[in-house]
Amino acid sequence: MSIEATLQTRSTNQCELCTSTSELSVYEVPPVVEAHSDKSVYLCQSCLFQIEEKRDLDVNHWHCLNDSMWSQVPAVQVVAYRMLKRLSVENGWAQDALDMLYLEDEIRSWAEQALAQEEEVIHQDSNGVRLNAGDTVVLIKDLDVKGSSLVAKRGTAVRNIGLTSNPEHIEGRVDGQRIVILTKFVKK
């Protein structure tokens, strides 16, 4: 039996999160090593779009998680956990649901695995090369340093850079002054 046929049977042809019956498709819950129905859920287009786009969340739509988080299907539990985690930042009801949700250790590990990967901040220079803490970069443009009369000249090497939580910013010393530099103005 195909994965989709298995999911149709398991879900009784309903979205496994919101119970919608229109425009259903298979969603493989990351990280995907091998396609399998145990690692997939059957979702409507509304749920699928909001999960994959990671923005434009319709908070009212996700109240369905209050029911689907109790599913006996581990893949559904993982998706519900991840969505509640995303929603809990701004919504008290989502945090309350998350506090009530119990997951076996193995399922919680699966749920948090992709969250940790999503949260990893990657810094890239103007050419798309990954920057790491301690690297040396070169400025590709003259930069006025806010709050001082210093102008960081093009071609200046900035050694031993530090990374910030914002992927567009790095920190470094220029003329003895620690400054924040936009990654689009440096190259490795």
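What you see is a predicted model, and the numbers here were worked out from it, not measured in a lab. Worth knowing before you read on, the calculation uses all heavy atoms, side chains too, and leaves out hydrogens, waters and symmetry mates.
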Keeping the roles fixed (side chain from [X], backbone from [Y]), state whether a donor-acceptor pair exists under 3.5 Å.
{"X": "N132", "Y": "D135", "result": "no"}
{"X": "E171", "Y": "V180", "result": "no"}
{"X": "S37", "Y": "L7", "result": "no"}
{"X": "W70", "Y": "N66", "result": "yes"}
{"X": "E28", "Y": "K39", "result": "no"}

Exactly one of Q14, E16, Q8 should register a side chain to side chain donor-acceptor pair (under 3.5 Å) with Y42. Which one does?
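Looking at Q14, E16, Q8, the match for Y42 under the side chain to side chain donor-acceptor pair (under 3.5 Å) is Q8.
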Under a 4.0 Å N-O cut-off, is there an ion pair linking R82 with E112?
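Salt bridge: no.
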Taking all non-hydrogen atoms of both residues, which atom of [X] and which atom of [Y] are closest, and how far apart?
{"X": "V41", "Y": "R10", "answer": "CA-NH2, 3.7 Å"}
{"X": "A111", "Y": "Y81", "answer": "CB-CD2, 3.4 Å"}
{"X": "L139", "Y": "A152", "answer": "CD1-CB, 3.5 Å"}
{"X": "L131", "Y": "V186", "answer": "CD1-CG2, 4.2 Å"}

Rounded to the nearest 0.5 Å, what separation is found between the [atom1] atom of [X] and the [atom2] atom of [Y]?
{"X": "L24", "Y": "C15", "atom1": "CG", "atom2": "SG", "value": "6.5 Å"}
{"X": "M83", "Y": "L98", "atom1": "CE", "atom2": "CG", "value": "12.0 Å"}
{"X": "D144", "Y": "S149", "atom1": "CG", "atom2": "OG", "value": "10.0 Å"}

